[in-house]
**Q** 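Below is a structure I'd like to ask you about.
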Amino acid sequence: MKRKVSVIGAGFVGTMTAQRIVEKNLADVVLLDIVEGLPQGKALDIMQSASVERFSSKITGSNDFADTGNSDIVVFTAGFARAPGMSREELALKNGGIVKSVVETVARHAPDCIIIMVTNPLDVMTHLAWKTSGFPAQRVMGMGGILDSSRYRAFLAEELNVSAGSIETMVLGSHGDSMVPVATHTNAGGIPVSRLIEKERLEAIIERTKNGGAEIVNLLKSGSAWHAPSSSVVAMVEAILGDSKRIFPVSAYLTGQYGIEDVHIGVPVKLGAAGIEEIYEIALSDKELEGLKQSAKTVSKTFAGLKIS
Ligand code: APR
């Protein structure tokens, strides 16, 4: 049976996500946006690359949420990207209204879908999507940790002059500047990076990773990253549709794990056909655990500030 993924928001992240999904033949895609003509034009353009790229998945553009019906997965990228100098709280207020109304509508049309949130501030918007949809927690998740991990892996690989694929790491916590890289799970081909890179240099790389999104925003002047974010989303889509049971850091609803509850935050989870099939509680150093708790507090505070019931 053909699988179906809807992508809400035909901007930079949404369009690249849609393109990667069809090019990998993972599912048929509905690309949806509020702007008339935009998703249709982009879908048509991508569809016309099918014979060259050799994919058979279908892509259609739409402004009608009814077209998301029967989606296996709905990816949410609708909303604004962070502008230089904009605080997380300001962005949350701007995007909160959009996310709430869009999730409400999608939940009516695709009540059995799995939600992957991408709109920032990620963990806050994921929590909002979970509350708004009324879906079970295992079907609502946010893409943050894979992206933070892949940025960290890229910088470590550059430093060590090895392939990024040979770096393993686990970045937990809120997406962005309060992320928590777990030192015991960061290695190059099994060798702890702390044995390969001096402490100060490693700290500078971690700092750069935390500001990975902002570094790109500042370079672009307008808009934010979309290539690595869309890759990270598609890794999640692939794991769910393929029921692969891969373990990824994903923004998930915690109910006491790590001493944290009633918040979405990045933790290691098993992804499969049912969505989040397991949340792993791994051993952390005191500093890492404290970082994770602080990160969760920031998310809760920002969510409370939304004043959306
Ligand atoms: N319904 C559908 N689409 C909407 C709605 C809505 N209510 N509101 C806005 N959109 C669409 C916009 O028309 C736009 O095409 O969302 C799209 C957002 O695209 P971009 O502005 O290009 O933003 P992008 O770079 O894709 O980032 C989207 O993902 O990574 C995050 O921080 C990023 O929050 C941002 C989101």
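Read the numbers this way: they start at 1 and go in the same order the structure lists the ligands and their atoms.
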**Q** Closer than 4.0 Å to some heavy atom of L38 - which atoms of ligand 1 meet that?
**A**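 Under 4.0 Å from L38, ligand 1 has these atoms: 15 (O).
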
**Q** What protein heavy atom lies closest to atom 31 (C) of ligand 1? Include the residue and the distance to one decimal.
**A**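 Atom 31 (C) of ligand 1 sits closest to the protein heavy atom V118 O, 3.5 Å.
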
**Q** Would you say the side chains of T169 and T186 form a donor-acceptor pair under 3.5 Å?
**A** yes

**Q** How far is atom 7 (N) of ligand 1 from its nearest protein heavy atom, and which residue and atom is that?
**A**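 Checked against all protein heavy atoms, atom 7 (N) of ligand 1 sits closest to V102 CG2, 3.4 Å.
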
**Q** Is ligand 1 under 4.0 Å from a heavy atom in the side chain of T15, in the backbone, in both, or in neither?
**A**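 For T15, no heavy atom sits under 4.0 Å from ligand 1.
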
**Q** I'd like to know whether Q48 forms a side chain to side chain contact (heavy atoms under 4.5 Å, CB included) with L44, so could you lay out the CA-CA distance, the side-chain angles of the two residues, the decisive distance to 0.1 Å, and finally the verdict.
**A** CA-CA 6 Å; Q48 290 168 2; L44 200 56; 3.7 Å; yes

**Q** Which value, rounded to the nearest 0.5 Å, describes the distance between E159 atom CD and L202 atom CG?
**A**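 Interatomic distance, E159 CD to L202 CG, rounded to 0.5 Å: 8.5 Å.
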
**Q** Tell me whether ligand 1 is touched by F80 - counting only heavy atoms on the residue side and a distance under 4.0 Å.
**A** yes

**Q** Any idea which protein heavy atom is nearest atom 36 (C) of ligand 1, and the distance to it?
**A** T77 O, 3.4 Å

**Q** Please determine, by modelled atom types, if N95 and T119 share a side-chain donor-acceptor pair under 3.5 angstrom.
**A**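 Side-chain D/A pair, N95 to T119: absent.
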
**Q** Which atom names give the shortest non-hydrogen contact between V250 and M236, and what distance separates them?
**A** CG2-CE, 3.8 Å

**Q** Checking D123 against H175: is there a side-chain donor and acceptor pair closer than 3.5 Å?
**A**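 No, no side-chain donor-acceptor pair sits under 3.5 Å.
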
**Q** Specify side chain, backbone, both or neither for N95, according to which of its non-hydrogen atoms lie closer than 4.0 Å to ligand 1.
**A** side chain

**Q** From M117 CE over to F76 CZ, what is the distance, rounded to the nearest 0.5 angstrom?
**A**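 Going from the CE atom of M117 to the CZ atom of F76 covers 5.5 Å.
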
**Q** Compute whether any side-chain donor of one residue and acceptor of the other, for S230 and R20, lie under 3.5 angstrom apart.
**A** yes

**Q** Looking at ligand 1, would L122 count as a contact under a 4.0 Å heavy-atom criterion?
**A**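 False for this residue.
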
**Q** Would you kindly specify which portion of T119 sits under 4.0 Å from ligand 1, judged on non-hydrogen atoms: side chain, backbone, both or neither?
**A** both

**Q** Run the ring-centre check on Y253 versus H264 and record whether the distance is less than 6.0 Å.
**A**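 They qualify: ring centres under 6.0 Å apart.
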
**Q** Heavy-atom distances under 4.0 Å decide this one: backbone, side chain, both or neither, for I98 against ligand 1?
**A** side chain

**Q** Identify, for atom 22 (O) of ligand 1, the protein heavy atom at the shortest distance, and state residue, atom and that distance.
**A** F12 N, 3.0 Å

**Q** Report the nearest protein non-hydrogen atom to atom 32 (O) of ligand 1: residue, atom name, distance rounded to 0.1 Å.
**A**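 Nearest neighbour among protein heavy atoms for atom 32 (O) of ligand 1, to 0.1 Å: N120 ND2, 2.9 Å.
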
**Q** Taking non-hydrogen atoms only, is I34 closer than 4.0 angstrom to ligand 1 via side chain, backbone, both or neither?
**A** both

**Q** Which residue holds the protein heavy atom closest to atom 10 (N) of ligand 1, what is that atom called, and what is the gap in Å?
**A**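 Its nearest protein heavy-atom neighbour is A78 CB, 3.9 Å.
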
**Q** Yes or no: does A81 have any heavy atom under 4.0 Å from an atom of ligand 1?
**A**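 Contact present.
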
**Q** Under the criterion side chain to side chain contact (heavy atoms under 4.5 Å, CB included), I'd like the reasoning laid out for M141 against I240: C-alpha separation, chi angles, the key distance, then a yes or no.
**A** CA-CA 12 Å; M141 64 194 80; I240 294 166; 4.0 Å; yes

**Q** Identify the closest protein heavy atom to atom 19 (O) of ligand 1: which residue and atom is it, and at what distance?
**A** G11 CA, 3.2 Å

**Q** Using heavy-atom distances, let me know which of G79, G213, G223, G144 sits nearest atom 23 (O) of ligand 1.
**A** G79

**Q** Would you mind finding which of D33, V13, V233 brings a heavy atom closest to atom 15 (O) of ligand 1?
**A**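 Of the listed residues, D33 has the closest heavy atom.
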
**Q** Taking the six-membered ring for Trp, are F135 and W130 ring centroids under 6.0 Å apart?
**A** no

**Q** Give a yes or no on whether F12 atom CZ has more than 12 heavy-atom contacts from other residues, nucleotides or ligands under 6.0 Å away.
**A** no

**Q** Suppose I only count heavy atoms of V35 and a 4.0 Å limit; which atoms of ligand 1 are within that range?
**A** 13 (O)

